[in-house]
Amino acid sequence: MAGRVEGKVALITGGARGQGRAHALALAREGADVAICDIATGSDPTTPYGLAVADDLARTQADVEALGSRCVAVTADVTRFAELEAFVAATLERLGRIDVVVANAGIFSGGVPSWELTEAQWDRMLEVNLKGVWLTCKAVVPHMLGQGSGGSIVLTSSIGGLVGTPGMAHYVAAKHAVIGYMRSLANEVGAHGIRVNAICPGGVDNAMMNNQAMYATMAGGQGGDRQTMLAAVGSISLLPGGLIENEDVANAVVWLASEESRWVTGVALPVDAGINVKL
């Protein structure tokens, strides 16, 4: 049986590990060729956990290719338009087209009230989590329009794009803005058969959740640890079971990328165990 995205080409930012890696593998299993980029620097001055490195990017590329799909892997910073343009150009040169875009790259910092955030934390958060999404679409959408065959764009927002979580005001502001941008872009490209949606994950079991700043956020102030964070997530979820897995979010991305969702656009889709309903 053909996969649900057989013959399509999917471009993913932040694809070296975490949710981006899961999206790449899930789309490849369903028949897509994949292009991934990642900054792959290992660290960021404002981010309280290690970022992906070049070996992570290479491993994801190898694992996609082991599934029988072609894969382009490029080091790129989503806050730099020239690097995204080069990523798109490499994708078109190697894979011929772009049918699916997953603007996934993002960071987390904070764990403190908004008045205690530094300007550097605020600026970097909006630069990566909001501007990076816009620049990704700015680089790709003209080519999708030129193809004339429609497509699917999936933007990574968050449960933080739907509710006002304390201790992460800059993250919440950026993720709310991603949903606003999604709605405008859906209106702009809908007549061309391009669908635009956002996914809003809850707590996902990866580096973004497993760090001291997030533990402090979930503890409502200073301190906290993984167990405190897990208990806090459980207390605000409708469904039992703890943190969401990267693959759970990837399943939603595959559906939004496939023809199964061909009439779905302009939607902010929670994958959050019901947190947005309970909060």
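It should be emphasised that the depicted structure is a prediction, and the values quoted were computed from it without experimental measurement. Computed from heavy atoms alone, side chains included, the values below leave out hydrogens, waters and symmetry copies.
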(request) Please assess Val204 against Leu243 for the test side chain to side chain contact (heavy atoms under 4.5 Å, CB included), listing each intermediate value before the final yes or no. (result) CA-CA 5 Å; Val204 183; Leu243 295 179; over 6 Å; no
(request) Verify side chain to side chain contact (heavy atoms under 4.5 Å, CB included) between Met209 and Asp205, making sure each step is shown before the conclusion. (result) CA-CA 6 Å; Met209 286 296 293; Asp205 199 1; 5.7 Å; no
(request) List the steps, then state whether side chain to side chain contact (heavy atoms under 4.5 Å, CB included) holds for Ile12 with Val34. (result) CA-CA 8 Å; Ile12 304 165; Val34 176; 3.9 Å; yes
(message) Under the criterion side chain to side chain contact (heavy atoms under 4.5 Å, CB included), I'd like the reasoning laid out for Asp63 against Arg21: C-alpha separation, chi angles, the key distance, then a yes or no.
(response) CA-CA 9 Å; Asp63 289 347; Arg21 169 181 163 82; 2.8 Å; yes
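Under 3.5 Å, the side chains of Asn210 and Arg226 contain a donor-acceptor pair of N or O atoms. For the 3.5 Å distance criterion, the side chains of Thr91 and His143 fail to qualify, holding no donor opposite an acceptor. No donor-acceptor contact under 3.5 angstrom links the side chains of Ser184 and Asn187, judged on distance only.
The shortest side-chain heavy-atom distance between Glu6 and Glu30 does not fall under the 4.5 Å cut-off. Residues Cys137 and Tyr181 are in side-chain contact: their nearest non-hydrogen atoms beyond the backbone lie under 4.5 Å apart. At least one side-chain heavy atom of Ile179 sits under 4.5 Å from a side-chain heavy atom of Leu162. Contact of the Cys200 side chain with the Ile159 side chain is not registered, since no non-hydrogen atoms from C-beta on lie closer than 4.5 Å. Side-chain atoms of Val141 and Ile153, non-hydrogen and from C-beta on, do get closer than 4.5 Å to each other. The closest side-chain heavy-atom distance from Ile36 to Cys71 is below 4.5 Å.
Formation of a donor-acceptor pair under 3.5 Å by the Lys131 side chain with backbone atoms of Val78 is not found in this model. Using a distance-only test at 3.5 Å, with no hydrogens or angles considered, no donor-acceptor pair links the side chain of Glu127 to the main chain of Arg124. Distance alone, capped at 3.5 Å, places no donor-acceptor pair between the Ser237 side chain and the Ile275 backbone. When atom types are taken as modelled, the side chain of Thr13 and the backbone of Asn104 share a donor-acceptor pair closer than 3.5 angstrom. In this structure, Gln147 contributes its side chain and Ile98 its backbone to a donor-acceptor pair below 3.5 Å. The backbone N or O of Ala16 lies less than 3.5 Å from a partner atom in the side chain of Thr60, making a donor-acceptor pair. Checking side-chain atoms of Ser157 against main-chain N and O of Val178 turns up no donor-acceptor pair under 3.5 Å. Side-chain atoms of Glu83 come within 3.5 Å of backbone N or O of Asp77 as a donor-acceptor pair. Using a distance-only test at 3.5 Å, with no hydrogens or angles considered, no donor-acceptor pair links the side chain of Asp248 to the main chain of Val271. Under the 3.5 Å distance criterion, the side-chain polar atoms of Glu116 are left unmatched by any main-chain donor or acceptor of Pro113.
The aromatic rings of Phe108 and Tyr171 sit perpendicular, their planes meeting at an angle over 60°, well past the 30° parallel limit.
Interatomic distance, CE of Met208 versus OG of Ser109, reported as 9.5 Å (0.5 Å rounding). Expressed to the nearest 0.5 Å, how far CD of Gln121 lies from OG1 of Thr47 amounts to 9.0 Å. Thr156 contributes atom OG1, which lies 6.0 Å from atom NZ of Lys175 (distance to the nearest 0.5 angstrom). Interatomic distance, Asn251 CG to Glu245 CD, rounded to the nearest 0.5 Å: 11.0 Å. From Leu57, atom CG reaches atom SG of Cys37 across 8.0 Å, with rounding to the nearest 0.5 Å. Between atom CZ of residue Arg80 and atom CD1 of residue Ile39 there is a gap of 8.0 Å, rounded to the nearest 0.5 Å.
Between Asp33 and Arg70 a salt bridge is recorded (basic side-chain N to carboxylate O distance below 4.0 Å). Salt bridge status for Arg262 with Glu259: absent, with no side-chain N to carboxylate O gap under 4.0 Å.
Under a hydrophobic-cluster definition in which Ile, Leu, Val, Met, Phe, Trp and Tyr are linked whenever side-chain heavy atoms come within less than 4.5 Å, directly or via other members, Trp134 and Val101 are assigned to the same cluster. In terms of hydrophobic clustering, with Ile, Leu, Val, Met, Phe, Trp and Tyr side chains grouped at heavy-atom distances under 4.5 Å, Met168 and Ile107 are assigned to a common cluster. When hydrophobic clusters are built by joining Ile, Leu, Val, Met, Phe, Trp and Tyr residues whose side-chain heavy atoms come closer than 4.5 Å, directly or via intermediates, Leu11 is not grouped with Ile199. Put simply, Met144 and Leu27 are part of two different groups of oily side chains (I, L, V, M, F, W, Y) that touch within less than 4.5 Å, one to the next. Leu51 and Val53 are members of different hydrophobic clusters when ILVMFWY side chains are connected at heavy-atom separations under 4.5 Å.
Closest non-hydrogen pair, Ala173 versus Trp122, comes out as CB-CH2, 4.1 Å. Across all their heavy atoms, Asn129 and Ala174 have their closest contact at CB-CB, 3.9 Å. Residues Ala219 and Gly224 come closest through the heavy atom pair CB-CA, 4.0 Å. Closest approach of Ala26 and Ala250 over heavy atoms only: CB-CB, 3.8 Å. Smallest separation of non-hydrogen atoms from Ala139 and Leu84: CB-CB, 4.1 Å. Of all heavy-atom pairs between Thr217 and Gly111, the closest is OG1-CA, 2.8 Å.
Within the structure, salt bridge (charged side-chain N to carboxylate O under 4.0 Å, His left out) pairs that include any residue of residues 146-169 do not occur (at least two apart or interchain).
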